[in-house]
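Atoms considered below: every heavy atom in the structure, side chains included; atoms not considered: hydrogens, waters and symmetry mates.
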Amino acid sequence: MRRGPMRAGAFPSRLRSTRLTSQLGVALGVAFAVCFLTGLLSHLVQDPPGWFRWPARPVGLYRFTQGLHVATGLATVPLLGVKLWSAYPHLFAWPPVRSVAHALERASVGVLVAAALFQVVGGVLNVSRWYAPMPFFFTAGHYWVAWLAVGALLVHVGVHLPTVRGALARTAAGTPPDRLSRRGLLGGVAAAAGLITLTTVGQTVRPLSGLAVLAPRRPDVGPQGLPVNKTADNAGVRARALDPSYRLAVVGPAGRADLDLAALHAFAQHTADLPIACVEGWSATGRWTGVRLRDLVALVGGDPDRAEVLVESLEAAGRYRASTVAPAHARDPLTLIALRLDGEPLHPDHGYPARLIAPNRPGVLQTKWVARITVREPR
Ligand SMILES: Nc1nc2c(c(=O)[nH]1)N[C@H]1C(S)=C(S)[C@@H](COP(=O)(O)O)O[C@H]1N2
Ligand SMILES: [Mo]
């Protein structure tokens, strides 16, 4: 009956132990928890329900939480790999099902493994901007499968907590290890995770940018020294962005103003050092100069301290063609309709003639090629 991996002694490595699996499980659990919470936060910031308020300060908070999200997610790759290696002989346990509870537990492990792989592989593909293998909207899939993974993880932890506790309480493993010791293996996993972190985190931690050889983005590579996600050509806006008849429409309770570039430059100009913090984990700071959004709100009769603002792009379609600026950001003196980057007019790929830049916001909400600003009075 019991052949191949099913037979007794089919997995001779003495490196595997309950203790090893427990230690890897704890590390993976911590990384997953951090990744889940920072991911949930990012979701709330991008798509805020009515009860959720995200502050405009500190300026770089989202840059930090999203950098942490992507860094913990990437560090999970070797952890998850070795964890699966350490536990997969259980897949061939005999008898395959002992009871209804055992069957349910095995099914939940199946869900957990599938969901964890989906999250990690999908996250890496997204960071690499390789969407072909994902024929669905990445953000929505990543969000819902995260809940699936958390549910299955809670069941998993609940079932195995007593075993893990016991295994971690014992000091030394009973059998002498193979050539590689358990500590050696754990050290190797930690080193692999550390190396991945070191070679990617420079995409958001500027002093380490020279080491970011595995990161798809470098904070200093791109026109005007800043990376670009979507170019003016990709967005199909180049001609309209460069058209001298460009006007920024500002609409509010007192009416509408159509401002050409000269009119925008005639407003008081302000400069702010603010990061673009992309959800993909890269970030880069620019020195932006332009008109305060609150000044444009006041121009059309809105209340600069309470108004919510809709910012729309010249881009005709596309998920990121518009964003809503909540009152906390709209009233912030650092929130600009930027006309310049480092003292130069914006490069077309950075949103010429005008882009939104606000403190503590995800990159996807920093709308480029702004064409229309609509002031909404507080609800
Ligand atoms: N109109 C428009 N604005 C946009 C986008 C877009 O696709 N369309 N992409 C956003 C994303 S995902 C990011 S990270 C930033 C990137 O800004 P940068 O290309 O100027 O660095 O722009 C944002 N603004
Ligand atoms: Mo982004």
Side-chain angles (χ1 to χ4, degrees), residues 1-2 4-40 72-120 145-194 196-197:
M1 273 300 279
R2 299 181 59 181
M6 260 70 137
R7 72 181 198 280
F11 297 95
S13 172
R14 280 179 290 160
L15 201 48
R16 287 198 187 86
S17 66
T18 310
R19 188 171 165 83
L20 174 75
T21 306
S22 301
Q23 286 169 324
L24 290 167
V26 169
L28 198 54
V30 169
F32 192 87
V34 172
C35 206
F36 175 72
L37 292 174
T38 48
L40 187 60
T72 48
L74 290 174
T76 295
V77 172
L79 274 177
L80 184 62
V82 178
K83 175 75 162 63
L84 292 178
W85 169 83
S86 80
Y88 91 97
H90 292 295
L91 194 60
F92 309 103
W94 201 265
V97 171
R98 289 194 303 266
S99 63
V100 174
H102 184 227
L104 288 176
E105 199 267 319
R106 294 201 77 176
S108 82
V109 170
V111 172
L112 178 58
V113 171
L117 287 173
F118 180 90
Q119 291 302 80
V120 171
V145 175
W147 285 109
L148 208 59
V150 162
L153 183 63
L154 289 178
V155 172
H156 191 61
V157 170
V159 169
H160 292 288
L161 198 58
T163 319
V164 170
R165 279 211 168 133
L168 295 183
R170 280 194 299 279
T171 38
T175 39
D178 288 358
R179 262 177 306 166
L180 185 64
S181 70
R182 183 179 45 80
R183 291 229 171 115
L185 181 81
L186 286 173
V189 177
I196 290 176
T197 306

> What pair of heavy atoms forms the shortest contact from L15 to L20, and how long is it?
Replying inline: O-CD2, 3.6 Å

>> Holding to side-chain contact (heavy atoms from CB on, under 4.5 Å), I want the full list of residues that pass it with L91, two or more places apart in sequence or in another chain.
In response: R106

> Which atoms form the tightest heavy-atom contact between P89 and F11, and what is the distance?
Replying inline: CB-CD1, 3.5 Å

> Just how far is it from atom CZ of R19 to atom OG1 of T163, taken to the nearest 0.5 Å?
Replying inline: 14.5 Å

> With a 4.5 Å limit on heavy-atom distance, are the side chains of V113 and Y88 in contact?
Replying inline: no

Solution key, residues 146-153 side-chain donor-acceptor pairs under 3.5 Å, sequence neighbours excluded:
{"unit_1": "W147", "atom_1": "NE1", "unit_2": "Y143", "atom_2": "OH", "d": "3.2"}

Mind listing the side-chain donor-acceptor pairs of residues 21-30 below 3.5 Å, one per line with the distance, residues two or more places apart or on another chain?
{"unit_1": "T21", "atom_1": "OG1", "unit_2": "S17", "atom_2": "O", "d": "3.1"}
{"unit_1": "T21", "atom_1": "OG1", "unit_2": "S86", "atom_2": "OG", "d": "3.2"}
{"unit_1": "S22", "atom_1": "OG", "unit_2": "T18", "atom_2": "O", "d": "2.6"}
{"unit_1": "Q23", "atom_1": "OE1", "unit_2": "R182", "atom_2": "NH1", "d": "2.7"}

> If we only count heavy atoms from C-beta on, is the V155 to V111 side-chain gap below 4.5 Å?
Replying inline: no

>> Quick check: closest heavy atoms across T76 and T72, and the distance to 0.1 Å?
In response: OG1-O, 2.7 Å

> Are any non-hydrogen side-chain atoms of H160 and E105 less than 4.5 angstrom apart?
Replying inline: yes

> So how far is it from F32 CZ to L79 CG, rounded to the nearest 0.5 Å?
Replying inline: 12.5 Å

> Side chains of P78 and I196: does their closest heavy-atom pair fall under 4.5 Å?
Replying inline: yes

